[in-house]
There are 2 protein chains.
Amino acid sequence: MKITIKEIAAISGVSTTTVSQILNNKGQRFSEETRKRVLKAVCEYDYNPDYFAKNMVHRESKTVGMIVPDVTDLFFSKVIEGVEAYFNKKDYMILLCNSRHSADKEKDYIKQLQNRSVAGILLASPNSLKLESDLKGSPYILIDRGLNTRAEGNLLVKEYSGVYQAIQHLIDNGHTQIGMLTNESGYYEMTERFEAYYQCMKDNGIKYDPTFLADGPVTIEGGYLAAKELLEKRIITALCCGNDQMAIGTYRAAYELGLSIPNDLSVVGFDDLEISSFLNPPLTTVNQPAFDIGYTAAQYLLQEIEQPNKVVPNKTFETTFIERGSTINIDK
Amino acid sequence: MKITIKEIAAISGVSTTTVSQILNNKGQRFSEETRKRVLKAVCEYDYNPDYFAKNMVHRESKTVGMIVPDVTDLFFSKVIEGVEAYFNKKDYMILLCNSRHSADKEKDYIKQLQNRSVAGILLASPNSLKLESDLKGSPYILIDRGLNTRAEGNLLVKEYSGVYQAIQHLIDNGHTQIGMLTNESGYYEMTERFEAYYQCMKDNGIKYDPTFLADGPVTIEGGYLAAKELLEKRIITALCCGNDQMAIGTYRAAYELGLSIPNDLSVVGFDDLEISSFLNPPLTTVNQPAFDIGYTAAQYLLQEIEQPNKVVPNKTFETTFIERGSTINIDK
DNA sequence: CTGAAAGCGCTTACAG
DNA sequence: CTGAAAGCGCTTACAG
């Protein structure tokens with residue numbers, strides 16, 4: 001068992017009150033002599049106040065929970081990195097929960113986290129709207145979820161304008177047969193991205209054809225399967241993928257079907273993962289600042305925790321279209 | 001504030017002892033009637049014993065710490081997934097720490113975790129040997145670190161035989177000018193992989209040439225830079241990369257230098273990340289079971305926690321050479 | 001079958 | 001300048 005404040009007190013010949021006060025820089029000045037004596041004992045025996053006992057009285061767990069749909073997802077792992085970076089500076093630690101896209105698990109995790117008296121919860125989930133009532137009671141921030149029922153603390157990403165720009169770019173380069181890989185399981189941003197695709201086509205007078213769409217999980221494998229299905233059935237010159245991971249899957253599908261990117265097929269993604277610029281050819285995509293999103297979410301959550309009455313601002317993150325080698329001009 | 005056991009007791013007109021006993025299925029049978037009454041109140045007010053108070057007496061934090069060098073690393077995120085999958089079943093939660101490859105940070109994290117009375121620590125680090133003395137006191141398992149000073153609980157991966165096989169495969173296919181991308185910052189497995197390369201070359205009578213080596217961080221970017229440096233200075237027909245991420249970087253370097261994979265350059269990686277089979281061409285690599293490694297590490301740690309006197313076995317994970325499209329036979 | 005009391009390791013009024 | 005005592009919310013001997 002670890003050494004206790006009582007023992008430190010005994011060793012240095014003072015009361016526990018004194019030890020506690022000195023350690024917390026509280027109360028009146030103690031004689032330099034006793035301070036030294038206490039500090040020496042503390043140091044010597046490597047005394048650290050017990051976390052649980054301390055929390056019994058203070059109720060500051062200095063812990064937040066973070067729930068993500070998939071830790072191995074390249075976008076989310078970058079978000080986690082941002083969250084961790086901020087909270088680490090603030091002496092908070094993160095209980096990481098991997099929900100595997102399951103709303104039930106998310107619900108369980110929220111419950112568990114609340115039972116542990118976490119100071120707050122960061123939730124990244126397509127189901128977050130349904131879960132907001134469960135979240136009540138603890139401060140929380142929703143990540144990767146534009147709209148929610150609150151007026152503040154919303155982190156928005158310009159999904160729409162990013163994709164719109166990408167589609168416009170394709171059209172400007174002579175493409176009209178443009179497909180899209182979507183995901184209809186409830187990710188708000190996927191809906192936004194589709195809307196942008198739809199609207200941009202429309203604005204350019206290109207008729208919308210639902211057979212140019214394929215749906216699948218937002219993973220490499222999901223993109224591969226969706227792309228394969230789509231490319232086998234329709235002839236298109238460009239494909240807008242729901243995210244970079246799906247684009248990576250598309251590369252493979254194209255390869256297997258003997259289509260060369262970008263010559264036979266232009267491809268654009270969304271996210272601008274680190275890996276995307278290393279693909280062959282480098283992926284044209286839309287950048288969103290994953291690390292920053294996590295970092296900011298963490299920052300907002302801490303504000304909610306520490307200053308519950310202060311209004312948490314909303315924040316909109318820019319997206320940037322990045323042209324690389326996977327798209328080509330097909331006008332003669 | 002949450003509702004307390006005292007209030008539940010008051011509401012159901014019994015003592016806190018009774019409530020506690022009933023909730024924990026302890027003690028003598030209580031009359032069916034009082035059980036019901038208590039349970040009803042518990043349910044109605046959604047009472048949950050306070051985590052900290054409970055721990056004050058039980059000291060079972062049901063929490064483990066996990067320290068990884070980089071959460072965005074594709075190998076580690078897979079390991080995390082495995083760890084989480086196991087502990088979630090066991091009602092444990094994970095405090096995730098991202099050390100960013102810094103030994104100082106690792107040390108801090110260990111300290112912090114211990115102060116929080118975690119039940120155990122999972123450490124993935126090239127510095128783990130140096131840190132073992134800090135770890136003393138809590139149960140721990142080292143991940144991704146073949147040898148340590150302990151006789152038990154070692155997780156070994158057959159790094160050596162995997163790479164040996166890969167190199168032999170290259171040689172059998174006519175390659176003799178084989179380069180390697182290494183990392184000398186202390187990762188045990190990187191050393192193992194290099195050793196295998198070295199030995200296999202030697203066993204096949206190919207003279208070892210240190211200029212066929214390039215060193216760099218075990219990331220995509222690191223692989224890109226190292227490969228570029230190497231490929232610009234030496235003509236080689238095959239390159240063995242320290243891991244798949246470095247191989248991905250190599251694809252880009254080759255692309256920029258106008259080298260076609262596999263025609264101008266055969267490439268092999270290590271890890272068999274999900275993404276690797278989707279590369280263009282699909283990467284020839286050596287599979288190691290990242291998820292399993294995490295899962296098993298978690299399992300072993302839990303055993304150490306729950307049965308401190310029982311010997312934790314050692315376990316060796318197999319690696320499998322997987323031939324895909326990035327290597328070619330260059331014999332006529 | 002049930003409850004009063006002690007104790008887990010801290011912190012914090014309060015008193016001197 | 002310092003300490004005795006109460007209290008945080010539980011659980012667990014112990015007693016009846």
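Numbers restart at 1 for each chain; the letters A, B, ... are given by sequence-line order, proteins then strands.
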request  = Consider the side chain of B/V57, meaning its heavy atoms from C-beta on, and name the nucleotide among D/dA4, D/dC1, D/dC10 that approaches it most closely.
outcome  = D/dC10
key: B/N55 versus A/Y51, side-chain donor and acceptor atoms under 3.5 Å   = no
inquiry  = Can a donor-acceptor pair be found, under 3.5 Å and without considering hydrogens, that links the side chain of A/S102 to the backbone of A/D104?
reply    = yes
ask   = Just checking, any donor-acceptor pair under 3.5 angstrom between side chains of A/N183 and A/S185?
value = yes
query = What is the distance, rounded to the nearest whole Å, between atom CD of B/Q21 and atom P of D/dG9?
reply = 20 Å
inquiry  = Expressed as a whole number of angstroms, how long is the span from A/I5:CD1 to C/dG7:C1'?
reply    = 16 Å
remark   = A correct dot-bracket answer for DNA chain D, with pairs being Watson-Crick or G-U at under 3.5 Å, [ ] for crossing pairs and | for inter-strand pairs, is |||.||||||||.|||
task = Using atom CZ of A/R59 as one end and atom P of C/dT12 as the other, report the distance to the nearest whole Å.
result = 14 Å
inquiry  = I'd like to know if the side chain of B/N314 and the backbone of B/G153 have a donor-acceptor N/O pair within less than 3.5 Å.
reply    = yes
ask   = Does A/T4 make a side-chain N or O approach to OP1 or OP2 of C/dG9 shorter than 4.0 Å?
value = no
ask   = With a non-hydrogen cut-off below 4.0 angstrom, is A/N55 in contact with a base, only sugar-phosphate, or nothing?
value = nothing
message = In the structure I gave you, are the side-chain heavy atoms of B/R116 and A/K62 within less than 4.5 Å of one another anywhere?
response = yes
task = Determine: side-chain N/O of B/Y51 to OP1/OP2 of D/dC8, distance under 4.0 Å, yes or no.
result = no
message = Can you tell me if A/T18 touches the phosphate of D/dT2, counting only side-chain N or O atoms and a distance under 4.0 Å to OP1 or OP2?
response = no
message = Below the 4.0 Å mark, does C/dT12 have OP1 or OP2 next to a side-chain nitrogen or oxygen of A/S20?
response = no
B/N98 (side chain) donor-acceptor with B/V71 (main chain) under 3.5 angstrom = yes
query = So, A/E81 side chain and A/A290 main chain: donor-acceptor pair closer than 3.5 Å or not?
reply = no
task = Provide, to the nearest angstrom, the distance between the CG atom belonging to B/N24 and the P atom belonging to D/dT12.
result = 7 Å
message = Could you tell me how far apart A/R35 (CZ) and D/dT2 (P) are, to the nearest whole angstrom?
response = 11 Å
query = Taking only N and O in the side chain of A/T16, is any of them less than 4.0 Å away from OP1 or OP2 of D/dG3?
reply = no
note = Rounded to whole Å, CD of A/E32 lies from C1' of D/dT2 at a distance of 16 Å
message = Less than 3.5 Å apart, any donor N or O on the side chain of A/S20 or A/T17 sitting next to an acceptor on the other?
response = no
note = A/E33 atom CD is separated from D/dT2 atom P, nearest whole Å, by 8 Å
key: Which nucleotide in D/dC10, D/dT11, D/dT2 has an atom nearest any side-chain atom of B/H58   = D/dT11
ask   = Going by atom types only, do A/Y140 and A/E132 share a side-chain donor-acceptor pair under 3.5 Å?
value = yes
inquiry  = Nearest to the B/T17 side chain among C/dC10, D/dG9, C/dA4, which nucleotide is it?
reply    = C/dA4
Any donor-acceptor N or O pair under 3.5 Å, side chains A/Q288, A/D271 = yes
query = What about B/S31: does its side chain form a donor-acceptor pair under 3.5 Å with the base of C/dT2?
reply = no
key: Close residues, residues 6-15 of chain A, relative to DNA chain D [heavy-atom separation under 4.0 Å]   = A/V14, A/S15
key: Atom pair distance, as rounded to whole Å: NZ in A/K54 and P in C/dT11   = 6 Å
